[in-house]
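Scroll down for the structure; my scribbles are underneath it.
In what follows, chains are A, B, ... by sequence order, proteins preceding strands, each numbered from 1.
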2 protein chains.
Amino acid sequence: MAQISETAIRFPEEDINLLAYLTQKSGLFNVWNTNTSIIANDLGISQQSVSRVLRELENAKLIIREASTSGVKISLADNGRNALKKHYELLRNVFSSDIKSLSCKITSGLGEGRYYMSFSQYKKQFIEKLGFEPFEGTLNLEVDIAKVNNFLLNGVCININGFETKERTFGGLKAFNVKVSAKNNKNNKKINAALIMPDRTHHDKNVVEIIANKNLRNKLKLKDNQEIEITLD
Amino acid sequence: MAQISETAIRFPEEDINLLAYLTQKSGLFNVWNTNTSIIANDLGISQQSVSRVLRELENAKLIIREASTSGVKISLADNGRNALKKHYELLRNVFSSDIKSLSCKITSGLGEGRYYMSFSQYKKQFIEKLGFEPFEGTLNLEVDIAKVNNFLLNGVCININGFETKERTFGGLKAFNVKVSAKNNKNNKKINAALIMPDRTHHDKNVVEIIANKNLRNKLKLKDNQEIEITLD
DNA sequence: ATTACTAGGTTGCGAGTAG
DNA sequence: TCTACTCGCAACCTAGTAA
């Protein structure tokens with residue numbers, strides 16, 4: 001499963017971007033016949049800086065460089081290929097979704113969501129951006145937030161803006177259109193809904209909420225502690 | 001199909017690495033409660049620099065930052081998420097292999113390979129690194145080198161070193177263990193072989209060679225212009 | 001045409017420290 | 001404790017130009 005590494009990442013070379021650029025041009029295994037002015041123009045820096053940086057990359061054994069009065073030939077060195085691949089795999093862990101559906105328990109929850117849903121400033125945005133008027137009451141779900149992040153990767157993130165009243169400030173929300181169904185239940189209807197996550201959700205917090213235009217507890221005949229299944233819309 | 005973009009890439013922010021780091025920590029959608037010293041320690045730069053860089057990222061609207069005397073809360077802004085995703089997709093084009101086998105025509109070729117195979121300096125390395133003594137003669141293949149790069153991604157790159165004689169210099173080679181079979185032929189034997197590409201192959205050149213420990217033309221009953229199929233070993 | 005050296009200006013870095 | 005300002009020093013950048 002894709003997951004977020006807990007180890008600290010150190011970037012020994014700040015040149016990953018340049019390596020990525022060169023790789024786009026040469027491919028991973030081949031030689032690119034070019035000159036420093038072309039690269040300078042692409043990257044928006046001076047010819048002189050390109051010359052210097054390429055020499056630095058060569059000294060760091062990240063690229064193989066062959067300079068002459070007719071230009072430079074550049075290819076990736078093994079080290080450069082490996083460094084770039086490492087960087088790619090790090091990003092792949094963040095960006096590759098391999099969770100197609102979420103199964104999670106309904107927590108009894110205090111229905112904090114119900115309180116928020118009662119504010120027209122939120123309601124208005126839900127109608128406008130999600131296309132339905134939410135039932136005043138939410139399902140609170142106990143989740144592993146890292147799994148949720150992974151699951152949501154291919155979803156469309158809809159931003160619900162926060163607002164202020166005289167009494168207090170209400171934070172922004174992120175909403176994702178989803179479908180919800182009950183698990184282990186003869187009733188396997190799928191109901192359109194939205195997964196809601198406050199902008200301020202901490203990366204190790206573990207509760208998200210589901211809203212819909214109807215009472216999901218009734219419609220899906222849900223009991224407390226029952227599991228539901230969520231898929232992307 | 002994954003392919004190498006021909007458009008110039010400009011990096012508006014040199015901060016992709018830092019964004020990638022932060023994303024590892026916070027996830028794509030959540031808030032990370034930390035402090036500048038922790039990040040400084042992770043990245044090997046000073047607390048002061050982290051403070052400055054985070055403010056820069058905030059000004060560039062790449063992250064959302066909330067600093068106080070008890071630390072900083074950091075999350076990705078939409079722009080930051082998009083910038084990072086763009087960078088990821090660029091790398092994915094380079095690194096994600098979606099070509100499982102290569103079909104290519106045998107060119108009549110002048111058997112340049114045969115000449116090279118006759119040098120013990122190469123032969124010795126083939127025996128040692130590939131595990132077989134190459135038949136003195138190669139198949140020349142007409143290919144799209146970008147496709148070959150993609151195909152070879154999951155292969156193991158074996159470097160064959162170049163050498164010098166009194167007369168001339170012989171360049172290094174890259175070798176990949178593969179299996180070769182004839183296409184459109186009752187004989188569908190798969191024979192162990194190696195795909196060979198000179199280190200100096202230009203990114204738009206279009207010939208690679210195949211070597212094996214036997215005469216592939218005979219063993220696979222190949223005619224000129226016939227297609228063969230190559231898979232990774 | 002190229003690459004790349006030199007010189008001088010600019011930006012970035014971090015120790016000290018204020019708030 | 002934190003963040004983040006000041007400022008001296010180092011690293012980086014590019015215009016001019018040599019090779």
Integer-rounded Å distance: [N] [atom2] and [X] [atom1]:
{"X": "A:Asn41", "N": "C:dT2", "atom1": "CG", "atom2": "P", "result": "12 Å"}
{"X": "A:Lys73", "N": "C:dT3", "atom1": "NZ", "atom2": "C1'", "result": "15 Å"}
{"X": "A:Ile45", "N": "C:dT3", "atom1": "CD1", "atom2": "C1'", "result": "15 Å"}
{"X": "B:Leu54", "N": "C:dC13", "atom1": "CG", "atom2": "P", "result": "12 Å"}
{"X": "B:Asn33", "N": "D:dT3", "atom1": "CG", "atom2": "C1'", "result": "14 Å"}
{"X": "A:Leu18", "N": "D:dC12", "atom1": "CG", "atom2": "P", "result": "14 Å"}
{"X": "A:Arg65", "N": "C:dT3", "atom1": "CZ", "atom2": "P", "result": "10 Å"}
{"X": "A:Arg55", "N": "C:dT2", "atom1": "CZ", "atom2": "C1'", "result": "13 Å"}

Would you please indicate yes or no on a ring centroid separation below 6.0 angstrom for A:Phe119 and A:Phe126?
no
Verify the ring-centre separation between A:Phe176 and A:Phe151: is it less than 6.0 angstrom?
no
Can you say whether a donor on the side chain of B:Gln48 sits under 3.5 Å from an acceptor on the base of C:dG16, or the other way round?
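Donor-acceptor pair under 3.5 Å: yes.
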Pair A:Arg52 + A:Glu56, salt bridge at N-O below 4.0 Å
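Counted as a salt bridge, because a side-chain N and a carboxylate O are separated by less than 4.0 Å.
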Under 4.0 Å: is that the gap between some side-chain N or O of [X] and OP1 or OP2 of [N]?
{"X": "A:Ser49", "N": "D:dT14", "value": "yes"}
{"X": "B:Arg52", "N": "C:dC13", "value": "yes"}
{"X": "B:Ser46", "N": "C:dG14", "value": "yes"}

Could you check whether A:Asp98 and A:Asn150, counting side-chain N and O atoms only, form a donor-acceptor pair closer than 3.5 Å?
yes
Using the ring of each side chain (for Trp, its six-membered ring), is A:Phe163 parallel, tilted or perpendicular to A:Tyr122, with breaks at 30° and 60°?
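Taking A:Tyr122 first and then A:Phe163, their aromatic rings stand perpendicular (interplane angle over 60°).
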Of B:Gln47 and B:Val50, the one whose closest DNA chain C nucleotide lies more 5'
B:Val50
Where each residue is assigned the nucleotide of DNA chain D containing its nearest heavy atom, which of A:Glu56 and B:Thr34 is assigned the position nearer the 5′ end?
B:Thr34
Contact class for A:Thr36 (heavy atom, under 4.0 Å): base, sugar-phosphate, or nothing?
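The residue A:Thr36 makes sugar-phosphate contact but no base contact.
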